[in-house]
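The sequence lines fix the lettering, A, B, ..., with proteins before strands; numbering per chain opens at 1.
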There are 2 protein chains.
Amino acid sequence: MTDPLDMVFAALADPTRRAILSMLLEDDMAVTDVAEPFEMSLAAISKHLSILSRAGLISQERRGRVKWCKLEPDALRAASVWMQGFGQFEPVNLDAFERFLAAELSPPDDHTPETGSPDPAG
Amino acid sequence: MTDPLDMVFAALADPTRRAILSMLLEDDMAVTDVAEPFEMSLAAISKHLSILSRAGLISQERRGRVKWCKLEPDALRAASVWMQGFGQFEPVNLDAFERFLAAELSPPDDHTPETGSPDPAG
DNA sequence: GCGATCGTCAACCGTTTGGTTGAATATGGC
DNA sequence: GCCATATTCAACCAAACGGTTGACGATCGC
């Protein structure tokens, strides 16, 4: 998978990664701190972060021992632009839209994965 | 994968499926007609369509022998809403944004998969 | 220098994905 | 009834995914 759009959407398809993005919306974080609320290993989180990084959704800067992760909203914005092309040729079908929203979809300001299955975004 | 957002983003992560969505932007199509520009088997396209359907991105209605595929932009719109939460807390970084756009990202009004690798959207 | 911390790498594992082929199940036209 | 058309199903395959564990390379504090 080499296509930027492929990588962005594939990165967003995982609830753990969406949760990480939501966390980074508040502040830059070290890898260890990103991993802390999740129940999986640090290595797993490290993999998720590298996927997000290759997709351009975050950047990582090493300072000393600590590698800081920073949200890069532009890749997301680009994908959003692509998607919006589909929504604008006709008025919103509110029924179907709200049916979809009701099934889930919490906006990205909720981002605290405190439960056993840490998934504020999914 | 049962989460709606998971399914929408996973569906969008494949260039063939994005191309199909772009084609359906113009008109409803039969499965066979959707498959025609692609180099893969009809069965493969049928699988792609069922993935798009389960994600809510298209609907399918059988009329006689023919199953018509119709774009359902609301699922896309919901995902777009989720994404836009990330882009709005700070002004657009135009440099990074255009760097991303330059790498690819043709808007969904180009949708003719005529080349060997049919991928108008990616 | 030494031990603790931070993070990645490598190897492995089970599941999912994206594709193939061939058979099967409608349906439509004559 | 028969054949062609439209679409899916089932079995298979290689590759990718999401996770684990254990070892490793840096870096910090003392």
Side-chain angles (χ1 to χ4, degrees), chain A residues 1-3 5-21 24 28-55 57-70 113 116-119 121-122, chain B residues 1-3 5-21 24 28-55 57-70 113 116-119 121-122:
Chain A
M1 189 166 12
T2 162
D3 177 292
L5 225 33
D6 284 15
M7 291 194 294
V8 169
F9 285 128
L12 294 177
D14 185 280
T16 301
R17 288 194 289 265
R18 288 201 307 278
I20 291 173
L21 291 180
L24 292 178
D28 300 357
M29 297 178 77
V31 173
T32 307
D33 295 333
V34 169
E36 194 271 332
F38 297 95
E39 279 178 335
M40 65 189 74
S41 68
L42 184 61
I45 296 292
S46 180
K47 280 191 193 177
H48 281 305
L49 287 171
S50 100
I51 287 171
L52 289 169
S53 180
R54 266 183 281 117
L57 289 165
I58 68 168
S59 60
Q60 294 183 289
E61 181 199 356
R62 167 151 252 137
R63 277 208 294 274
R65 272 194 295 197
V66 177
K67 198 168 192 177
W68 292 91
C69 305
K70 182 182 183 322
S117 59
D119 186 11
Chain B
M1 187 164 18
T2 163
D3 178 291
L5 225 33
D6 284 14
M7 289 194 295
V8 168
F9 284 129
L12 293 177
D14 185 281
T16 301
R17 289 194 288 265
R18 288 202 307 278
I20 290 173
L21 291 180
L24 292 178
D28 301 356
M29 296 179 78
V31 174
T32 307
D33 295 333
V34 169
E36 194 270 332
F38 297 95
E39 280 176 336
M40 67 189 72
S41 69
L42 186 59
I45 296 292
S46 181
K47 279 191 191 177
H48 280 305
L49 288 171
S50 98
I51 288 170
L52 288 170
S53 181
R54 266 183 280 117
L57 290 165
I58 67 169
S59 59
Q60 294 184 289
E61 181 198 358
R62 170 150 249 139
R63 277 209 294 274
R65 273 193 295 196
V66 177
K67 198 167 191 177
W68 292 91
C69 306
K70 183 181 183 322
S117 59
D119 185 10

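Atom NE2 of B:H48 is separated from atom C1' of C:dT17 by 9 Å (rounded to the nearest Å). In this structure, CG of A:D6 is placed 13 Å from C1' of C:dT17, rounded to the nearest angstrom. Between the CZ atom of B:R62 and the C1' atom of D:dT8 there is a distance of 8 Å, given to the nearest Å. As a whole-Å value, the separation of A:E36 CD from C:dG7 P is 13 Å. Computed from coordinates, the A:L42 CG to D:dA26 C1' distance equals 15 Å when rounded to whole Å. A straight line from CG of A:D33 to P of C:dC6 spans 8 Å, rounded to a whole angstrom. If you take CD1 of A:I58 and P of C:dG7, they are 12 Å apart, rounded to a whole angstrom. Atom C1' of nucleotide C:dG7 and atom CH2 of A:W68 are separated by 14 Å, given to the nearest angstrom.
For B:V66, counting side-chain heavy atoms from C-beta on, the closest listed nucleotide (D:dG19, C:dC6, D:dT7) is D:dT7. Comparing C:dG28, D:dT8, C:dG7 against the side chain of B:R65 picks out C:dG28 as the nearest. Here the side chain of B:T16 is nearest to one of D:dG19, C:dG19, C:dG7, namely C:dG19. Here D:dA6 is the nucleotide among C:dC6, D:dA6, D:dG19 with the atom lying nearest to any side-chain atom of B:T32. Set against C:dA11, D:dT21, D:dC9, the side chain of B:A43 has D:dC9 as its closest nucleotide. For B:K47, taking side-chain heavy atoms from C-beta onward, the closest of the listed nucleotides D:dG18, D:dA11, D:dG19 is D:dA11.
Residue contacts shown for B:A30 are limited to sugar-phosphate atoms, with no base heavy atom under 4.0 Å away. Across all strands shown, A:R63 has no heavy atoms under 4.0 Å from either base or sugar-phosphate atoms.
Separation of atoms OG1 (B:T16) and CD1 (B:I45) is listed at 6.0 Å; rounding is to 0.5 Å. Between the OG atom of B:S46 and the CE atom of B:M40 there is a distance of 12.5 Å, given to the nearest 0.5 Å. To the nearest 0.5 Å, the span separating CG on B:L5 from CG on A:L12 amounts to 8.5 Å. Distance check, rounded to the nearest 0.5 Å: CE of A:M29 to SG of A:C69 gives 8.5 Å.
Nearer the 5' end of DNA chain D, as judged by each residue's closest nucleotide, is the contact made by B:K67, out of B:K67 and A:I51.
Taking only side-chain nitrogens and oxygens, B:S41 never comes nearer than 4.0 Å to OP1 or OP2 of C:dG19.
The pair A:D3-B:R18 meets the salt-bridge criterion, since a charged nitrogen lies less than 4.0 angstrom from a carboxylate oxygen.
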